Amino acid sequence: MRPTPALRRPLLALAAGSAALLLAGGVLPGAPTAGTARAQADDASTLQAKRDNLAKLLRPITLDVTDQRLEDVITFITDFTGAQIEARYIDDRSPEGLDPESLITIDARNMSTLRLLELVVEQAARDSFDGATWQFTPWGSVEVGLKSTLNRRQRVQIYDISDLLLVLPDYEDAPEIDLQSVLQSSQGGGGGQSPFDDSGGEDDEERDLEERRNNVIDLIQSIVEPDQWQANGGDGGSIRIYQNALVVRAADYMHRQIDGYSFWPSRSQAVSGVGARRYVSFTLDTGIGTVDGFENVPVLIDGGG
């Protein structure tokens with residue numbers, strides 16, 4: 001199943017709001033400030049860290065272990081890939097988390113290390129109510145743990161859904177001509193009354209639009225981590241509607257299932273589902289991948305005759 005089209009156009013209101021704030025502070029829009037430049041640099045470095053860590057985790061691996069400690073397996077994956085992985089274990093300060101002593105038995109043959117990591121943490125959380133997964137931290141490292149633990153770190157994302165709400169007109173409900181009213185008006189000498197009966201048209205359109213908005217929200221909450229939404233009794237995220245945009249506050253792993261990652265080529269992302277489970281898989285894009293041990297070397301060509 002391919003990802004639902006979408007939800008990729010930025011909301012222009014955010015840019016307008018930012019400009020208004022700059023004007024209120026006495027700074028011309030577009031004029032760089034130290035704070036703005038620093039924030040842009042931080043965003044660029046964070047995106048680069050996410051790309052690097054994801055690329056490292058897409059390295060193929062073959063691993064066959066029996067009854068090995070979870071902590072040892074994750075340490076091996078970290079050393080093998082060089083990716084920044086932060087595992088959320090149970091300790092004195094965190095009563096909720098993965099048990100580092102959980103025993104892992106797995107036979108992985110030439111699969112991506114990211115998929116192996118997913119299988120390992122899922123196996124470690126087999127006795128947990130809501131399971132485990134991974135997500136990116138705000139600084140770009142990979143965080144693995146129970147979903148209840150990852151839910152503590154949420155971010156707000158705005159999705160423009162105008163294209164999903166658009167309905168092409170079919171013109172089946174053409175206005176009706178009331179000939180009786182036209183004849184009465186002409187006999188009485190009056191005028192000005194329209195012969196078309198279009199009562200209730202705008203109200204019906206507004207109700208249809210509201211229903212389509214709610215259908216989009218219901219669809220997301222039914223296929224993307226259904227148990228984690230506040231509307232379904234969870235604590236992983238919530239959705240509000242503003243005009244034709246969704247304002248979603250949720251954990252990163254839930255945003256990933258809605259729209260993937262914008263910093264990764266869309267052609268290298270795929271969405272699939274098994275029952276109520278939804279998976280987003282990634283492949284390494286040759287445009288951003290590198291091969292260890294190789295570098296570009298200039299080549300001299302002798303064009304002599």
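Computed from heavy atoms alone, side chains included, the values below leave out hydrogens, waters and symmetry copies. Owing to the predicted nature of the structure, the values given are computational and were not obtained by experimental measurement.
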* If you round to the nearest 0.5 Å, how far is CD of Glu210 from CG of Asn215? -> 10.0 Å
* Side chains of Glu118 and Thr133: closer than 4.5 Å at any heavy-atom pair? -> no
* Structure fact -> Distance col, row Leu246:CG vs Asp259:CG, nearest 0.5 angstrom, shows 11.0 Å
* **Shortest non-hydrogen contact between Thr46 and Gly140, atoms and distance** => CG2-N, 4.0 Å
* Structure fact -> Those residues at least two apart in sequence (or on a different chain) that pass side-chain contact (heavy atoms from CB on, under 4.5 Å) with Leu165 are Ile161, Leu209, Arg212, Arg213, Val216, Asn244
* With distance as the sole test, does Asp72 use its side chain to make a donor-acceptor pair with the main-chain N or O of Gln68 at under 3.5 Å? -> no
* To do: Could you list the residues that satisfy side-chain contact (heavy atoms from CB on, under 4.5 Å) with Arg240, not counting sequence neighbours?
  => none
* **Side-chain heavy-atom pair Leu166, Leu164 within 4.5 angstrom cut-off** => no
* Asked: Rounded to the nearest 0.5 Å, how far apart are OH of Tyr159 and CD1 of Ile220?
  -> 8.0 Å
* Is there a donor-acceptor pair closer than 3.5 Å between any side-chain N or O of Trp229 and the backbone N or O of Ser222? -> no
* Asked: Can you get from Leu103 to Leu116 by hopping between Ile, Leu, Val, Met, Phe, Trp and Tyr side chains that sit under 4.5 Å apart?
  -> no
* To do: Before accepting this row, confirm whether a basic side-chain N of the pair Arg155/Asp252 lies closer than 4.0 Å to the acidic partner's carboxylate O.
  => yes
* Straight-line distance of Leu114 CG to Leu54 CG, nearest 0.5 Å -> 6.5 Å
* Would Leu219 and Ile217 show up in the same hydrophobic cluster when neighbours are defined by side-chain heavy atoms closer than 4.5 Å? -> yes
* In chain order, what residues pass the side-chain contact (heavy atoms from CB on, under 4.5 Å) check against Thr62, with sequence neighbours excluded? -> Arg109, Asn110
* Assess whether side-chain contact (heavy atoms from CB on, under 4.5 Å) is satisfied between Leu70 and Tyr89, documenting all intermediate values. => CA-CA 10 Å; Leu70 171 65; Tyr89 297 118; 4.0 Å; yes
* Under the side-chain contact (heavy atoms from CB on, under 4.5 Å) criterion, do Val144 and Val120 qualify, and how do the steps go? -> CA-CA 10 Å; Val144 297; Val120 167; over 6 Å; no
* **Side-chain donor or acceptor of Gln154 paired with backbone N/O of Asp235 under 3.5 Å** => yes
* Is it true that Glu225 and Lys147 have a side-chain N and a carboxylate O under 4.0 angstrom from each other? -> yes
* To do: Mind checking the CZ-CD spacing from Arg51 to Gln48? Nearest 0.5 Å is all I need.
  => 4.5 Å
* Asked: If you round to the nearest 0.5 Å, how far is CZ of Arg69 from OG of Ser102?
  -> 9.5 Å
* **Cluster link Val121 to Ile90, ILVMFWY, side chain under 4.5 Å** => no
* Stepwise salt bridge (charged side-chain N to carboxylate O under 4.0 Å, His left out) check, Arg152 with Glu96 -> CA-CA 12 Å; Arg152 299 170 186 171; Glu96 293 184 3; 3.4 Å; yes
* To do: Establish whether Phe129 and Leu146 are linked, either directly or via other cluster members, by ILVMFWY side-chain heavy-atom contacts under 4.5 Å.
  => no
Pairs under 3.5 angstrom only: tabulate donor-acceptor contacts from the side chains of residues 75-83 to other protein residues two or more places apart or in another chain.
residue, atom, partner, partner atom, Å
Thr75, OG1, Glu71, O, 2.8
Thr78, OG1, Ile74, O, 2.9
Thr81, OG1, Ile77, O, 2.9
Thr81, OG1, Ala83, N, 3.2

* **Hphob cluster co-occupancy, Leu119 + Val142, side-chain heavy atoms under 4.5 angstrom** => yes
* What heavy-atom pair brings Ala251 and Asn151 nearest, and what distance separates the two atoms? -> CB-OD1, 3.9 Å
* Structure fact -> In short, Arg256 meets Gln135 closest at the heavy-atom pair NH1-CA, 3.9 Å
* Structure fact -> For Thr137 and Lys50, the nearest pair of non-hydrogen atoms, with its separation, is O-CE, 3.8 Å
* To do: Sequence neighbours left out, what passes ring pair (Phe, Tyr, Trp, His ring centres under 6.0 Å) with Phe136? Give chain and number order.
  => Trp134, Tyr261, Phe263
* Look at the side chain of Thr113 and the backbone N and O of Leu58, then say whether any donor-acceptor pair between them is shorter than 3.5 Å. => no
* With sequence neighbours excluded, what pairs up with Gln84 under the side-chain contact (heavy atoms from CB on, under 4.5 Å) test? -> Asn53, Ser141
* Please examine the side chains of Val248 and Val156, heavy atoms only from C-beta on, and report whether any two atoms are closer than 4.5 Å. => no
* Can you name the closest pair of heavy atoms from Ile104 and Gln123 and give their distance? -> CA-OE1, 3.5 Å
* Work out which heavy atom in Leu150 is nearest to a heavy atom in Gly145; give both atom names and the distance. => CD1-O, 3.9 Å
